[in-house]
Amino acid sequence: MEQHVAIPKVQLIEITEENCDQRLDNFLISRLKGVPKSRIYRLVRKGEVRVNKGRADVKYRLIAGDIVRIPPLRLAERSENSFVAQGLKDAFQQDILYEDEAFLVLNKPAGFAVHGGSGINSGIIEGLRLARPDSRFLELVHRLDRDTSGCLLIAKKRSALRKLHELFRDDQINKTYLALLAGQWARKKQVVTAPLQKNVSKGGERMVVVSQAGKEAETVFRRLKLFREATLVEASPKTGRTHQIRVHAAILGHPIVGDERYGSAEVNRVFKSRGYKRLFLHAEKLKFQHPVTAELLTITAALPQPLEDLLRHEEQV
């Protein structure tokens, strides 16, 4: 349930170093929890939200000392009955791979979106905020697909978020995934550099296609184990495009097992009958310098036990 509470007075908020360089829309979304994003954008567009007494664009990046005016509002306040799926509650308690004052790394379970969106009431970041009501700041550093499991970075400070974003932009975060490809992949290693472009299919489903007009993308695939009907690989994306590993695996002629968007329906049916119920893609490892101490960190998420069990039944060649 949601309770509605009125905020009858205008709020004047002075921006501190903690929110410096944050976009206005993101600042308002994190500040006005319970207010629909569409309403927040409308308030900015109409000039009801002001920065230093003037109108501002949603993309405006805040500076320390800015005064943000927020008009009187009715907010939807989450009650104690707000729903967080049990699988997420368990993950928040048991699957924190690393945590300090700057950030945490969650071993994300498959089947959960990282954030709420179209058709999704809430995601991992919303659930984590509900589970940790005393945390002042929790923001996603990057994203994983809904059906992908493994290492997910979440910043606990604005300064850490900025630094981690810089590391991602400068390719200073080494990401390694485990994927099970359909069929026997004959190569031991291959670098795929097909450029990728976001597209929308006729059914409204978001697709990513190979296109020379797209953005550069690079994935290194290394074979780990060859089975009679599948191949376990390590995939290291050097860029971070949407669905990159999934599309690049399909280009190899060996899509990821369980990939209903880029894979083969017939192959998926066969594997599903043998117990493969999800996309076999797991973000196994992150390697990067700590944004505060500069210590080199390697954080690993073990392959989920159900996937390990399935692999044991595969016939190795």
Side-chain angles (χ1 to χ4, degrees), residues 13-23 26-27 29-31 33 61-66 88-109 112 114-115 123-145 148-178 218-220 222 234-241 244-245 281-304:
I13 301 155
E14 183 172 356
I15 299 303
T16 64
E17 192 64 36
E18 185 65 24
N19 296 102
C20 186
D21 201 38
Q22 187 177 19
R23 275 177 45 148
N26 291 332
F27 170 76
I29 288 164
S30 61
R31 182 93 189 184
K33 294 196 168 52
R61 292 197 175 271
L62 297 165
I63 301 167
D66 279 348
L88 276 186
K89 285 181 182 174
D90 293 343
F92 297 151
Q93 290 174 351
Q94 302 161 19
D95 292 334
I96 302 296
L97 301 168
Y98 176 92
E99 182 169 9
D100 60 21
E101 290 182 354
F103 65 92
L104 64 87
V105 181
L106 173 73
N107 187 2
K108 174 194 173 298
F112 293 100
V114 292
H115 64 83
I124 282 176
I125 194 65
E126 290 87 358
L128 188 59
R129 287 170 184 156
L130 283 172
R132 297 185 171 199
D134 297 332
S135 295
R136 289 179 57 242
F137 185 92
L138 290 168
E139 292 287 349
L140 291 166
V141 178
H142 63 126
R143 298 180 181 186
L144 291 177
D145 290 347
T148 303
S149 55
C151 295
L152 181 67
L153 260 170
I154 296 166
K156 294 169 66 178
K157 286 185 175 181
R158 166 80 32 205
S159 54
L161 180 66
R162 281 202 301 270
K163 182 62 179 173
L164 289 165
H165 276 164
E166 281 176 26
L167 292 176
F168 267 104
R169 274 197 303 271
D170 298 339
D171 297 327
Q172 297 298 307
I173 295 186
N174 185 275
K175 306 182 293 293
T176 305
Y177 291 72
L178 293 176
E218 180 180 331
T219 311
V220 180
R222 291 183 183 85
E234 176 187 278
S236 302
K238 304 305 178 188
T239 48
R241 309 299 175 212
Q244 177 175 320
I245 296 173
L281 182 61
H282 177 70
E284 181 199 29
K285 194 181 296 180
L286 290 172
K287 192 173 181 181
F288 59 98
Q289 279 192 325
H290 193 288
V292 179
T293 67
E295 174 193 358
L296 185 62
L297 296 176
T298 301
I299 299 164
T300 303
L303 195 64

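In this text, all values refer to a predicted model and were calculated from it rather than measured experimentally.
- The shortest distance between side-chain heavy atoms of L303 and E284 does not fall below 4.5 Å.
- How far CG of D21 is from CZ of R158: 8.5 Å, rounded to the nearest 0.5 Å.
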Exercise for review: Starting from the C-alpha separation in whole Å, work towards a yes-or-no answer on side-chain contact (heavy atoms from CB on, under 4.5 Å) for L297 and E295.
Suggested key: CA-CA 6 Å; L297 296 176; E295 174 193 358; 3.9 Å; yes

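- Considering CZ of R23 and CD1 of I29, their distance stands at 8.5 Å, rounded to 0.5 Å.
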Exercise for review: Assess whether side-chain contact (heavy atoms from CB on, under 4.5 Å) is satisfied between N19 and R31, documenting all intermediate values.
Suggested key: CA-CA 11 Å; N19 296 102; R31 182 93 189 184; over 6 Å; no

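- The side chain to side chain contact (heavy atoms under 4.5 Å, CB included) test applied to R169 returns H165, E166, not counting sequence neighbours.
- Nearest heavy atoms, N107 versus G150: OD1-CA, 3.4 Å.
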Practice item. Run the numbers on K238 and D171 for side-chain contact (heavy atoms from CB on, under 4.5 Å), then give the verdict. Key: CA-CA 7 Å; K238 304 305 178 188; D171 297 327; 5.9 Å; no

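- The aromatic rings of F103 and F288 sit tilted relative to each other, their planes meeting at an angle between 30° and 60°.
- The side-chain contact (heavy atoms from CB on, under 4.5 Å) test with K108 singles out one residue from L97, I154, L144, and that residue is L144.
- For the pair H290/D100, a side-chain contact is recorded, criterion being any heavy-atom separation below 4.5 Å from C-beta on.
- By the 4.5 Å heavy-atom criterion applied to side chains, R143 and I125 are not counted as neighbours.
- Within the model, atoms SG of C20 and CZ of R162 stand 5.5 Å from one another, a figure rounded to the nearest 0.5 Å.
- Counting heavy atoms from C-beta on, the side chains of V220 and E234 never come closer than 4.5 Å.
- Taking 4.5 Å as the limit, some side-chain heavy atom of L286 sits within range of a side-chain heavy atom of I173.
- Within the 4.5 Å cutoff, side-chain heavy atoms of L152 are placed close to those of L140.
- Note that CD of Q22 is 8.0 Å distant from CG of L161, once rounded to the nearest 0.5 Å.
- Salt bridge present: R129 and E139 bring a charged side-chain N and a carboxylate O closer than 4.0 Å.
- Between K157 and E101, some side-chain heavy-atom pair lies under the 4.5 Å cut-off.
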Practice item. Go through C151 and K175 one step at a time and tell me if the side-chain contact (heavy atoms from CB on, under 4.5 Å) criterion holds. Key: CA-CA 9 Å; C151 295; K175 306 182 293 293; over 6 Å; no

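- Note that the CG atom of L138 and the CG atom of L130 stand 10.5 Å from one another [nearest 0.5 Å].
- Using a distance-only test at 3.5 Å, with no hydrogens or angles considered, a donor-acceptor pair links the side chain of H282 to the main chain of A301.
- Expressed to the nearest 0.5 Å, how far OH of Y177 lies from OG1 of T148 amounts to 7.0 Å.
- Taking all atoms of both residues into account, the shortest heavy-atom contact from P237 to Q244 is CB-NE2, 3.5 Å.
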